[in-house]
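Reviewing the structure listed below.
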There are 2 protein chains.
Amino acid sequence: MYRKDGMVKLSDIARELGLSLTTVSRALNNYSDVSPKTKKLVIETAKRLGYIPNLSARGLALRKNHLVSLFYYDYVNSGPYQPFTFEVVAGIRKFFSNTKYDLIMIPETRRGRKSQSLKSICYSRGVDGLIILGILTDDPYIEELKADFIPTVFLDYPLLSKKVSYVESDNIKGCMLAIDYLVSQGHRRIAFINGHELAAVSSVRLKGYMEGLKKHNIEFDPEITEIGDYTERSGYFAARNLFLKEKNITAIFAASDLMAIGAIRGLNDIGLKVPDDVAVVGYDDILLAEYFQPRLTTIRQHKFELGFQAAAELHSIMENPNHEPKARTIKVELIIRDSA
Amino acid sequence: MYRKDGMVKLSDIARELGLSLTTVSRALNNYSDVSPKTKKLVIETAKRLGYIPNLSARGLALRKNHLVSLFYYDYVNSGPYQPFTFEVVAGIRKFFSNTKYDLIMIPETRRGRKSQSLKSICYSRGVDGLIILGILTDDPYIEELKADFIPTVFLDYPLLSKKVSYVESDNIKGCMLAIDYLVSQGHRRIAFINGHELAAVSSVRLKGYMEGLKKHNIEFDPEITEIGDYTERSGYFAARNLFLKEKNITAIFAASDLMAIGAIRGLNDIGLKVPDDVAVVGYDDILLAEYFQPRLTTIRQHKFELGFQAAAELHSIMENPNHEPKARTIKVELIIRDSA
DNA sequence: AAATCTATCCAAAGCGCTTTGGAAATTATG
DNA sequence: CATAATTTCCAAAGCGCTTTGGATAGATTT
């Protein structure tokens, strides 16, 4: 804390007005046992003297710091993971801007990778709640969180208990929209490039893909499902692998835009044009999707809304002791462009 | 077991060992007036009991919270400002992950737009330092910061005093690289799409552009400089305006990739092809740059490094009382692709 | 042996705030 | 009018930690 000397504190206001510390505190906190006249006086004096409350002291007394900790990865596999995370965080920031909570980011590597338990990180800063983006299914923190020790909201990881909840896009619906659209364009042999099992959404999207096929009486064929890691590179090789095994594929549905882009490039390199020879549908609708050539037909996730709703859910859990955590599902949208 | 909420505190360790609170505290803080034997004992016991220090209490006593506040805009004009910000923040996070500082984001709109002074925001949370990204030149916070009340580092805003410093890309060099390259490709009539004056970098880039021209004995012509707002849309119209006035332009240098992309689209819409009819060079090297068609020739800013160095500079100011704030300049790089 | 150091420890005060459990002053009630 | 109820205020304890200014016992010096 910088140059805290000269800071006006409650006792200064009390002295100035000949009141007790207690009364000043209660006046500023709008308690009912302070007369309106005194309240007004205290508030005015506080403003006049430039009083700034010390939240550390308040936190200490209240055992509540109005602090939410935000966890996310800066990098996923190959590169910086901006396309998704940034907007989600924007939504979170937006929600909390109307509350008394601030957001704190605690480098998980503060002392070596995961050497500190989540609990110690949270308790030491007096964090009141957690928002966790894009956690991998093998992350050791998950076990800790299951113990339900702190209000938590996950993005895209389904965990629900007394104090923890999650928010996700309607992945099933999203995948079905993609399949519906491809089928409506006459495709029946639709391959799937999914992400790995470390991302919880992967299994959901596989399910959505299968349900989509089923709806149109297309049999699921594991042969034409490839596993990538959500990066462009993995999409590239996945697409090539698909066509090594099977020439009749007319469409590819990829579980991320980056993989879709990779797939398109992979196809180009083996002489196949998108959308003429093969149709490709992506997932996410990241910024790139509408700038890439061909512009990507994709399933849009409302990233800002995901963040905003995650924050809202967490806020409910924290503020309302008998709030029943409830998963929130955000609508998705088919964005038709040129790749399919 | 030790307290209602189960948190172990220093006094619990003291009681367990029959030591005083003072000694336990000093042992954990590695003071020299505690015997090695006692130290070892205290540390072991702390670990055994699962002691987690309460940083609010420590902050209160020390008047120092090891907290850095991060300011950035989620949106710039039209859309989310991910391309640049996210990676810069990643660099900042990376640096602080090896320190004892955590990052806090305080929604500036906590109670209406800019209604709270920076000072009150910082002092209330006991923030020790500030990093400020992409501030506009008319932002009221700037005046406050000039008062030098808290260690601060700006990105791309040149302010230097006892406790405040800044980090920026080598914008002059960047612009000159662009011009050098265009000239080497035979261009002499090079238009410039700059950003507005609200961004401090704009004037620097204009200067760089002019120096670049001068170096090659090309006269600066204000007629072929347009002002945009760093968005694609503004680049679109800027490019069209340029060709409304003047048909001899053979190259455009844009002060952001988004404006470059907009310019290319604007040119396409009036029947001009890039790079065949007009060469376009962008600035930033955002993710889009290499996916757009044509792939963008541009000046790469090392965003991660910008963030990392900003954090490092701030750390120096905070930790070392007689550190002389010093602006840091990050190298830029010409990335040659297809648009020029 | 007494006097002086030195290493090790601790009681208590304080950081700025909230809250408990009354007390005093005021108003209402019988 | 005395008593009860209400309003308004406050002293003091406590949140968990650091630090100041000794105290104590053992080691060293004279």
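Each chain gets a letter, A, B and so on, in the order the sequences are listed, and its residues count up from 1.
Residue B:L49 contributes atom CG, which lies 16 Å from atom C1' of D:dG16 at whole-angstrom precision. For the pair A:R15 CZ and C:dC17 C1', the computed distance is 16 Å after rounding to whole Å. Atoms CG (B:L17) and C1' (C:dT8) sit 15 Å apart, rounded to a whole Å. Rounded to an integer number of Å, the gap from B:N65 CG to C:dC15 P is 16 Å. Rounded to whole Å, the distance from CG on A:N54 to C1' on D:dC17 is 14 Å. Rounded to an integer number of Å, the gap from A:H66 NE2 to C:dC17 P is 15 Å. One interatomic measurement links the two molecules: CG of B:N30 to C1' of C:dT8, which rounds to 15 Å at whole-angstrom precision. C:dC17 atom P lies 12 Å from atom CG of A:L60, rounded to whole Å.
Among residues two or more places apart in sequence or in another chain, the salt bridge (charged side-chain N to carboxylate O under 4.0 Å, His left out) test is passed with B:E143 by B:K146. Take A:N320 and apply the side chain to side chain contact (heavy atoms under 4.5 Å, CB included) test, not counting sequence neighbours, and it matches A:N322, A:H323. By the salt bridge (charged side-chain N to carboxylate O under 4.0 Å, His left out) test, B:K40 is found to be paired with B:E44, residues two or more places apart in sequence or in another chain being considered.
In this structure, B:S35 reaches the C:dC9 phosphate: one of its side-chain N or O atoms is under 4.0 Å from OP1 or OP2. Considering only side-chain N and O atoms, B:T23 lies nowhere under 4.0 angstrom from the phosphate OP1 or OP2 of C:dC9.
Checking each of B:K303, B:K94, B:R93 against A:D74 for a salt bridge (charged side-chain N to carboxylate O under 4.0 Å, His left out) leaves exactly one that passes, namely B:R93.
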Please tabulate, one pair per line, each protein N/O and nucleotide N/O from nucleotides 18-22 of chain D that are separated by under 3.5 Å, including the distance.
residue, atom, partner, partner atom, Å
D:dT18, OP1, B:N29, ND2, 3.2
D:dT18, OP1, B:R58, NE, 3.1
D:dT18, OP2, B:S25, OG, 2.6
D:dT19, OP2, B:Y31, OH, 2.5
D:dT19, O4, B:T22, OG1, 3.2

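Sorted by first then second residue, the salt bridge (charged side-chain N to carboxylate O under 4.0 Å, His left out) pairs that include residues 308-319 of chain B, not counting sequence neighbours, are B:K64-B:E319, B:E313-B:R328.
Of all nucleotides listed (C:dC9, D:dC9, D:dG16), D:dC9 comes nearest to the side chain of A:V34.
Under 4.0 Å is where a charged nitrogen must lie from a carboxylate oxygen, and between B:R125 and A:D102 at least one such pair does.
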Ignoring hydrogens and angles, write down the donor-acceptor pairs under 3.5 Å from the side chains of residues 149-160 of chain A, residues two or more places apart or on other chains.
residue, atom, partner, partner atom, Å
A:T152, OG1, A:I150, O, 2.8

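Heavy atoms of A:G126 sit nowhere under 4.0 angstrom from any nucleic acid atom. No engagement by A:S11 is indicated, since no non-hydrogen atom pair under 4.0 Å with the nucleic acid exists.
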